[in-house]
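One structure is given below, encoded as structure tokens.
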Amino acid sequence: MTFTTRGSDHVYIQGKVSWVKYVTPDPLYNKWGVQIHPNAEGVEKIRELQTEGVKNQFKKDEDGYYINFSRPTERKIKGKIIGMTPPVVLNSDGVPLDGVAIGNGSDATLKLEIYSHPTPSGTKAKAARWEGLKIDNLVPFNKDTDFPDPAQKEQAEGLDEQPQQIW
């Protein structure tokens, strides 16, 4: 389903998500990000968006085809830098998750904002921006497989074996 508000279209894609960064943006790119292995209907929607000019591309791994979407922490509007809010992430009951770690392989519905923007050549292009995520079936975070960076896994090693502080 696609609908329009404020000059933008919204598209919903269902599938399995991985590497969900909705609390802390990726420091390298200054964006929140998500990877989705879309279901068949989602693949069709994305292919249609690609024919309309959306640049996000499918890649393939051992689980099949996936695609990444992101949301910048800020954007430039009429010469001014405007901060953006993080994507909204809800559980299956519609309650905000507020920092809950989302494990790879969780079933989810991804909300994308599809918008037009000017290019340096003066033409218009389309892009997709991550707006929200509803986790339909939460897979618990697995510290052995779900850290996006091996260095983070190493940093966390041993912490969960430490005794809880009693004050």
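- Among residue pairs with one or both ends in residues 89-101, none qualify as salt bridge (charged side-chain N to carboxylate O under 4.0 Å, His left out); sequence neighbours excluded.
- Legend: side-chain hydrogen bond (donor to acceptor under 3.5 Å, both in side chains) pairs involving residues 54-68, not counting sequence neighbours, sorted by first then second residue: Q35-N68, H37-D61.
- Y29 belongs to a hydrophobic cluster whose remaining members, ordered by chain and number, are L28; membership requires side-chain heavy atoms of ILVMFWY residues under 4.5 Å apart, directly or through intermediates.
- Atom-to-atom distance recorded for L133:CG and Y12:OH is 12.0 Å, nearest 0.5 angstrom.
- V139 has its side chain out of reach of N104: every pair of non-hydrogen atoms, C-beta onward, lies at least 4.5 Å apart.
- Closest of all the heavy-atom pairs between A128 and F69 is CB-CE2, 3.8 Å.
- Checked by atom type and distance alone, the side chain of W130 pairs as donor or acceptor with a backbone atom of G132 at under 3.5 Å.
- Rounding to the nearest 0.5 Å gives a distance of 9.5 Å between OG of S92 and CD1 of I135.
- A heavy-atom distance below 4.5 Å is not found between the side chains of V34 and Y22.
- D136 and T109 form a side-chain donor-acceptor contact under 3.5 Å, judged by distance and modelled atom types alone.
- Of all heavy-atom pairs between K16 and D107, the closest is NZ-OD1, 2.6 Å.
- In terms of heavy atoms, G99 sits closest to V23 at CA-CG2, 3.5 Å.
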